[in-house]
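What you see below is based on every heavy atom in this structure, not just the backbone, and it leaves out hydrogens, waters and symmetry mates. Residues: numbered from 1 along the sequence shown.
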Amino acid sequence: MMNKVVKNVEEALKGIEDNMTLMVGGFGLCGIPENSIAQLVKMGTKGLTCISNNAGVDDFGLGLLLQKKQVKKMISSYVGENEEFERQMLSGELEVDLIPQGSLAERCRAGGAGIPMFFTPAGYGTEVAEGKEVRVFNGKPHILESALTADFAIVKAWKGDTEGNLIFKATARNFNPMMAMAGKITIAEVEELVPAGELDPNFIHTPGIFVQRIFQGEKFEKRIEQRTVRQK
């Protein structure tokens, strides 16, 4: 058996350097690798290109990296809750590539599956399609999109074992599994770490073949982006 466990977040993030491309899992603030993001802030790594569904909020998630001007470019699909992101984008301090959410997920999945490009109707007729090849399939225009990969993919799972097999919980099972496949080195931050063989193979979402490093995180805040309650 191969033990991929590292003792802490510091060891897990070794090798991440300035100007690298990182995939960061999560959906909104759900399922984000909180400990790893905090460690990146401490490391002070700059010039990063971050591929993520979102850019966090001003004081949490990837928003912490934006505050410290550590991110050079964001490749995302939703960024509406972050005022600092908006300020940096409008001032020209931050490069931004906004992608339809389904296309972003598929570009990550394609990167992990070894598919270099694919056609999709999403984004045709908008700025997303500018400069891209267009073909018609079944009478409908499609644009050519390229796969996405990263130097490191950092994901957060509910449970994992010492061989790197991962189980994601509920909404966290959105971008995390695809991104885990598409990193040259994939780091998994988990809430619960168990010995190999304890996870039911029928419920594993990401096989350990895609994961190089795994560690148990601490003190997850699990913030709610927009809390909505029913009126009495």
Side-chain angles (χ1 to χ4, degrees), residues 8-10 12-13 16 18 20-91 93-99 101 104-105 108 150 152-160 166 168-180 183 186-193 213-229:
N8 53 37
V9 66
E10 290 84 2
L13 268 58
I16 296 181
D18 292 353
M20 281 188 167
T21 297
L22 307 181
M23 282 186 176
V24 184
F27 188 77
L29 299 182
C30 174
I32 65 172
E34 298 175 30
N35 291 266
S36 297
I37 293 171
Q39 178 61 20
L40 285 169
V41 174
K42 289 181 183 178
M43 290 165 61
T45 314
K46 297 185 182 297
L48 297 172
T49 295
C50 290
I51 303 170
S52 176
N53 161 255
N54 67 98
V57 292
D58 287 291
D59 62 344
F60 196 62
L62 290 180
L64 297 172
L65 292 175
L66 288 169
Q67 282 184 349
K68 298 293 185 180
K69 307 291 182 65
Q70 292 174 252
V71 181
K72 175 182 67 177
K73 182 176 182 179
M74 280 297 308
I75 300 175
S76 301
S77 61
Y78 174 72
V79 292
E81 302 292 336
N82 194 319
E83 292 183 6
E84 177 61 16
F85 175 94
E86 179 184 12
R87 188 197 66 76
Q88 290 187 26
M89 181 180 72
L90 294 176
S91 67
E93 299 173 44
L94 179 70
E95 296 178 53
V96 179
D97 189 357
L98 289 177
I99 303 171
Q101 191 159 263
L104 178 61
C108 294
F152 284 83
I154 309 173
V155 301
K156 191 261 182 174
W158 175 44
K159 287 185 180 181
L166 305 176
F168 302 96
K169 193 172 185 180
T171 306
R173 191 185 167 189
N174 259 309
F175 283 85
N176 275 304
M178 285 82 76
M179 290 183 172
T186 293
I187 301 163
E189 174 178 322
V190 300
E191 292 183 43
E192 183 178 349
L193 186 60
R213 305 173 192 172
I214 187 169
F215 73 99
Q216 185 162 326
E218 300 176 346
K219 300 178 181 178
F220 292 100
E221 291 188 44
K222 298 185 181 181
R223 290 198 197 177
I224 297 175
E225 205 163 350
Q226 291 287 348
R227 185 183 296 274
T228 303
V229 297

*Can you check side-chain contact (heavy atoms from CB on, under 4.5 Å) on V9 and F215, steps first, answer last?*
CA-CA 7 Å; V9 66; F215 73 99; 3.7 Å; yes

_Check against side-chain contact (heavy atoms from CB on, under 4.5 Å), M178 and M23_ = CA-CA 10 Å; M178 285 82 76; M23 282 186 176; over 6 Å; no

*Check against side-chain contact (heavy atoms from CB on, under 4.5 Å), F85 and V71*: CA-CA 10 Å; F85 175 94; V71 181; over 6 Å; no

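In this structure, L62 and M74 approach most closely via the heavy-atom pair CD1-CE, 4.1 Å. Residues T171 and C30 approach most closely at CB-SG, 3.7 Å, considering heavy atoms. Minimum heavy-atom separation, G31 to A172: CA-CB, 3.7 Å.
Rounding to the nearest 0.5 Å places CG of L94 at 9.5 Å from SG of C50. Atom-to-atom distance recorded for N35:CG and K219:NZ is 9.5 Å, nearest 0.5 angstrom. Interatomic distance, OG1 of T45 versus CG of L65, reported as 8.5 Å (0.5 Å rounding). Considering CD1 of I51 and OG1 of T21, their distance stands at 6.0 Å, rounded to 0.5 Å.
Side-chain contact between S76 and V96 is absent, with no heavy-atom pair separated by less than 4.5 Å. Between I214 and L166 there is a side-chain heavy-atom pair separated by less than 4.5 Å.
In this view, R173 and F168, P177, H205 satisfy the side chain to side chain contact (heavy atoms under 4.5 Å, CB included) rule, not counting sequence neighbours. For E86, the salt bridge (charged side-chain N to carboxylate O under 4.0 Å, His left out) criterion is met by no residue, not counting sequence neighbours. Applying the side chain to side chain contact (heavy atoms under 4.5 Å, CB included) test to S77 and every residue at least two apart in sequence or in another chain returns N53, Q101, L104. In this structure, the side chain to side chain contact (heavy atoms under 4.5 Å, CB included) partners of K73, at least two apart in sequence or on a different chain, are T49, I75, E95, D97. Considering only residues two or more places apart in sequence or on other chains, S36 meets the side-chain hydrogen bond (donor to acceptor under 3.5 Å, both in side chains) condition with E189. Residues forming a side-chain hydrogen bond (donor to acceptor under 3.5 Å, both in side chains) with S91 (at least two apart in sequence, or on another chain): E93. For L64, the side chain to side chain contact (heavy atoms under 4.5 Å, CB included) partners two or more places apart in sequence, or in a different chain, are V41, Q67. Scored by the salt bridge (charged side-chain N to carboxylate O under 4.0 Å, His left out) test, E191 finds K156, K222 as partners (sequence neighbours excluded). In this view, E218 satisfies the side-chain hydrogen bond (donor to acceptor under 3.5 Å, both in side chains) rule with no residue, not counting sequence neighbours.
A side-chain contact (heavy atoms from CB on, under 4.5 Å) with I154 is found for exactly one of T186, I37, I16, namely I16. The one candidate from F60, F27, F220 that meets the side-chain contact (heavy atoms from CB on, under 4.5 Å) condition with I32 is F60.
Residue pairs meeting the salt bridge (charged side-chain N to carboxylate O under 4.0 Å, His left out) criterion with at least one partner in residues 47-65, sequence neighbours excluded, are D59-R223. The list of salt bridge (charged side-chain N to carboxylate O under 4.0 Å, His left out) pairs with a residue in residues 34-51, not counting sequence neighbours, is empty.
Side chain of E192 to main chain of K159: no donor-acceptor pair is present (N/O by atom type, distance under 3.5 Å, no hydrogens or angles).
Taking a 6.0 Å sphere around CD of E10, one finds it holds more than 12 heavy atoms contributed by other residues, nucleotides or ligands.
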